[in-house]
A.B. asks: 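This is the structure I have questions about; it appears just below.
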There are 2 protein chains.
Amino acid sequence: MATIKDVAQHAKVSVATVSRVLNNDPKVRAETKEVVERAIDELGYSPNLLGRNLRRSSTHNILVLLPTISNQFYSAIIKGIREEATLKGYNVMIGITDLDVNIEMNHIQLLENKLVDGIIFFTPQIAKSTLTRLGKVYPIVQCSEYVEGAKLSLVSIDNKQAAFDATKYLIELGHKHIGLITSKKVYTSSKLREEGFKEALTQYQLPVNEELIYYTDYTPQCGTEAAKALLTRKTPPTAIFTISDSLAIGVIRGLKECGKKVGVDIDVIGFDNTFISKFYEPTITTISQPRLEMGKKAAKLLLNKIQNIDSANETIFLPHELMIRQSTK
Amino acid sequence: MATIKDVAQHAKVSVATVSRVLNNDPKVRAETKEVVERAIDELGYSPNLLGRNLRRSSTHNILVLLPTISNQFYSAIIKGIREEATLKGYNVMIGITDLDVNIEMNHIQLLENKLVDGIIFFTPQIAKSTLTRLGKVYPIVQCSEYVEGAKLSLVSIDNKQAAFDATKYLIELGHKHIGLITSKKVYTSSKLREEGFKEALTQYQLPVNEELIYYTDYTPQCGTEAAKALLTRKTPPTAIFTISDSLAIGVIRGLKECGKKVGVDIDVIGFDNTFISKFYEPTITTISQPRLEMGKKAAKLLLNKIQNIDSANETIFLPHELMIRQSTK
DNA sequence: TTGTAAGCGTTATCAG
DNA sequence: CTGATAACGCTTACAA
């Protein structure tokens, strides 16, 4: 494998000159540049980034930490991140945490070890204080799901307002008994969505009936169970707001199994506008997040931090949108 | 940020000794080791891997190249890869190619640049000859979708046999007119599946009716169109085999829209056993691939290649399984 | 068992 | 405009 030294010898110049050509230093004579470039071609030389990285003490790699890869939701966000990053010459890598703090810490290690220049975190499990401390030393930003109160740059949507809007829409449809199916793990987003849900009820003078709130996991299976359970309440809901599309799918299935016609007998709203919500039967009313934009913004915030770790933390909430489909009416 | 030098000074030993402790060299005296470890703790030292990597000329990073992140199919495979890799002290990173040759080449660059030690390729778009040439120099293995004839290690399923089995099952159910919805891009897998499909028909003395073969893309939308188109044929199919679950979803929807009852009037088989196939309505008969195992095997093959780039290429086909559900009967 | 010092492949400073 | 050379942080002969 050819090194910069080989190129230098081949081109009869110093390694410094080769390095300059490699880095587009304007003060190389055009002819010299040509000679060097020919040598590079002839030797099939490709710079060893291990050397460069050590010298520059940076890799131009950024890491995106996802809780799982099996969630359609992230794909557009990643695309946004990549677009922005590539523009600035950064490479994007993805790591999967399985929501395991240890795996998260392993990846933080990559930052300490200088193998990546920054991290965009989705759904961090690390404690707030740790996160804040790390954020002072390393470029880290949070995206979408986040730890409330951690002092880091952050881009997300206004989850409370989004839930408020969804609930308000159901209320305006005439519903008086609205169920909520949410996560039993206390994610910031689910907490905020529950708040928004309750606030809408209160604001429209409807009672908050805890019997109609069901805590469970993010899977369709859980959605099915939850729906069936809610139907057994003294006053069963005539509409259900779920905090994810995957839950909504299960909910609809459960309702169907109980002989309910979704969108007619009972309304359902999901969250995230993942592709399946457009394709299930019925199609599912849901909240859309500006995912591409979110990715781009997150990358921008991170690049800022990489440039200047002491730059002020920013909190950005992007606008959401209620997508009305067949599952409500 | 503390370096190995700082630790050495702090512990009053040489950097060599610190390095030995870091690498668990058995010939350091226990007391010395302790002193060094205390120094490491006190300084909060964490080795800069850029230095180590340069010196060792390896990173212990492997890269998994996916065509897209929005396919549920990959998640279990990645898990398998990670399990195996972690066991051997390797880190797994994921890159997304969007099926773009340039992006693929960018990532190959990481290999030339020594930033990753090897690559596991899903759905490479690079030409066979290029791939073969690269495979001689760098550790690269193919997984699941692959370039036929490229001389690289490879783990997948026997796609032809799988399609044969699915078709045979439909034939044994009594179907005489079976449709095939497959990809119009010629992936190896779709080519092989088409072959298996035709071979089953032939072997059971059924005519191969090209009118019942529909070429399209991998999306549900395309599946819907395809299904509707097939229903307009002179002799419409009484069963449809699709080469992916996402297509199958669309197909089922299209059939429903035409008033057909899937699993009763007409049967549908998908491919990949992704989570939605278990959760759609009806649940979808499909071919299951041993994804976890596939990931583990792929990682093993890659690690072999990393150890010895000249080790013989292996081709491994793992067993598939027909999962019978409501969409056929 | 430990220390000295060379070297991995770059970039950047400084002198010319 | 170009060259010599130190330095980045680490590992590993080789010597002691």
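Order of the sequence lines sets the chain letters (A, B, ...), proteins ahead of strands, with each chain counted from 1.
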A.B. asks: To the nearest Å, give me how far apart NZ (B:Lys12) and P (C:dT1) are.
C.D. replies: 23 Å
A.B. asks: Rounded off to whole Å, could you give me the CG-to-P distance for the A:Leu49 and C:dT10 pair?
C.D. replies: 9 Å
A.B. asks: Any side-chain N or O of A:Thr17 below 4.0 angstrom from OP1/OP2 of D:dG3?
C.D. replies: yes
A.B. asks: Base, sugar-phosphate, or nothing: which does A:Leu54 touch, judged by heavy atoms less than 4.0 Å apart?
C.D. replies: base
A.B. asks: State whether A:Asn48 places a side-chain N or O below 4.0 Å from either non-bridging phosphate oxygen (OP1 or OP2) of C:dC8.
C.D. replies: no
A.B. asks: Rounded off to whole Å, could you give me the CG-to-P distance for the B:Leu115 and C:dG9 pair?
C.D. replies: 15 Å
A.B. asks: For the side chain of B:Tyr45, counting heavy atoms from C-beta on, which of D:dC10, D:dT12, C:dT10 is nearest?
C.D. replies: D:dC10
A.B. asks: Does B:Ser57 make a side-chain N or O approach to OP1 or OP2 of C:dC8 shorter than 4.0 Å?
C.D. replies: no
A.B. asks: Distance check needed: C:dT11 P versus B:Leu50 CG, whole Å only.
C.D. replies: 14 Å
A.B. asks: Give the nucleotide from the list C:dT10, C:dT11, D:dT11 with an atom nearest to the side chain of B:Arg56.
C.D. replies: D:dT11
A.B. asks: Can you tell me the distance, in whole Å, between the CD atom of A:Gln9 and the C1' atom of D:dG3?
C.D. replies: 14 Å
A.B. asks: Check every strand shown and say whether A:Ile4 touches a base, only sugar-phosphate, or nothing at a heavy-atom separation below 4.0 Å.
C.D. replies: base
A.B. asks: With a 3.5 Å cut-off and no angle check, do the side chains of A:Asn159 and A:Lys191 form a donor-acceptor pair?
C.D. replies: no
A.B. asks: Suppose we call a contact any N or O donor and acceptor under 3.5 Å apart; does that hold for the side chain of A:Arg55 and the base of C:dT10?
C.D. replies: no
A.B. asks: Can you see if the side chain of B:Arg52 gets near the phosphate of D:dG9 - specifically, an N or O under 4.0 Å from OP1 or OP2?
C.D. replies: no
A.B. asks: Suppose we call a contact any N or O donor and acceptor under 3.5 Å apart; does that hold for the side chain of B:Arg20 and the base of C:dG3?
C.D. replies: yes
A.B. asks: For B:Lys151, is there any backbone N or O sitting under 3.5 Å from a side-chain donor or acceptor partner on B:Thr132?
C.D. replies: yes
A.B. asks: Looking across every strand, which nucleic acid part, if any, lies under 4.0 Å from A:Asn23 by heavy atom: base, sugar-phosphate, or nothing?
C.D. replies: sugar-phosphate
A.B. asks: Return the value, rounded to whole Å, for the distance between atom CG of A:Asp25 and atom P of C:dT10.
C.D. replies: 17 Å
A.B. asks: Just how far, in rounded Å, is C1' of D:dG9 from NZ of A:Lys114?
C.D. replies: 11 Å
A.B. asks: If you pin B:Val28 and A:Ser46 to their nearest nucleotides in DNA chain C, which one's is more 5'?
C.D. replies: B:Val28
A.B. asks: Atom CG of A:Asn113 to atom C1' of D:dC10: distance rounded to whole Å?
C.D. replies: 12 Å
A.B. asks: State which of C:dA12, D:dT12, C:dT10 makes the closest approach to the side chain of B:Ala16.
C.D. replies: D:dT12
A.B. asks: Any side-chain N or O of B:Arg29 less than 4.0 Å from the OP1 or OP2 oxygen of C:dT1?
C.D. replies: no
A.B. asks: Report yes if a side-chain nitrogen or oxygen of B:Thr32 is closer than 4.0 Å to either non-bridging phosphate oxygen (OP1 or OP2) of C:dT1; otherwise report no.
C.D. replies: no
A.B. asks: Any luck finding a side-chain donor-acceptor pair between A:Asp100 and A:Gln125 under 3.5 Å?
C.D. replies: no
A.B. asks: For the residue pair A:Phe317 and A:Tyr146, does the interplanar ring angle fall in the parallel (under 30°), tilted (30 to 60°) or perpendicular (over 60°) class?
C.D. replies: tilted
A.B. asks: Ignoring hydrogens and geometry beyond distance, is a side-chain donor-acceptor pair present between A:Thr188 and A:Glu148 at under 3.5 Å?
C.D. replies: no
A.B. asks: Given D:dA4, C:dT11, D:dC1, which nucleotide is nearest the side-chain atoms of A:Lys27?
C.D. replies: D:dC1
A.B. asks: Is it true that a side-chain atom of A:Asp117 and a backbone atom of A:His60 form a donor plus acceptor pair closer than 3.5 Å?
C.D. replies: yes
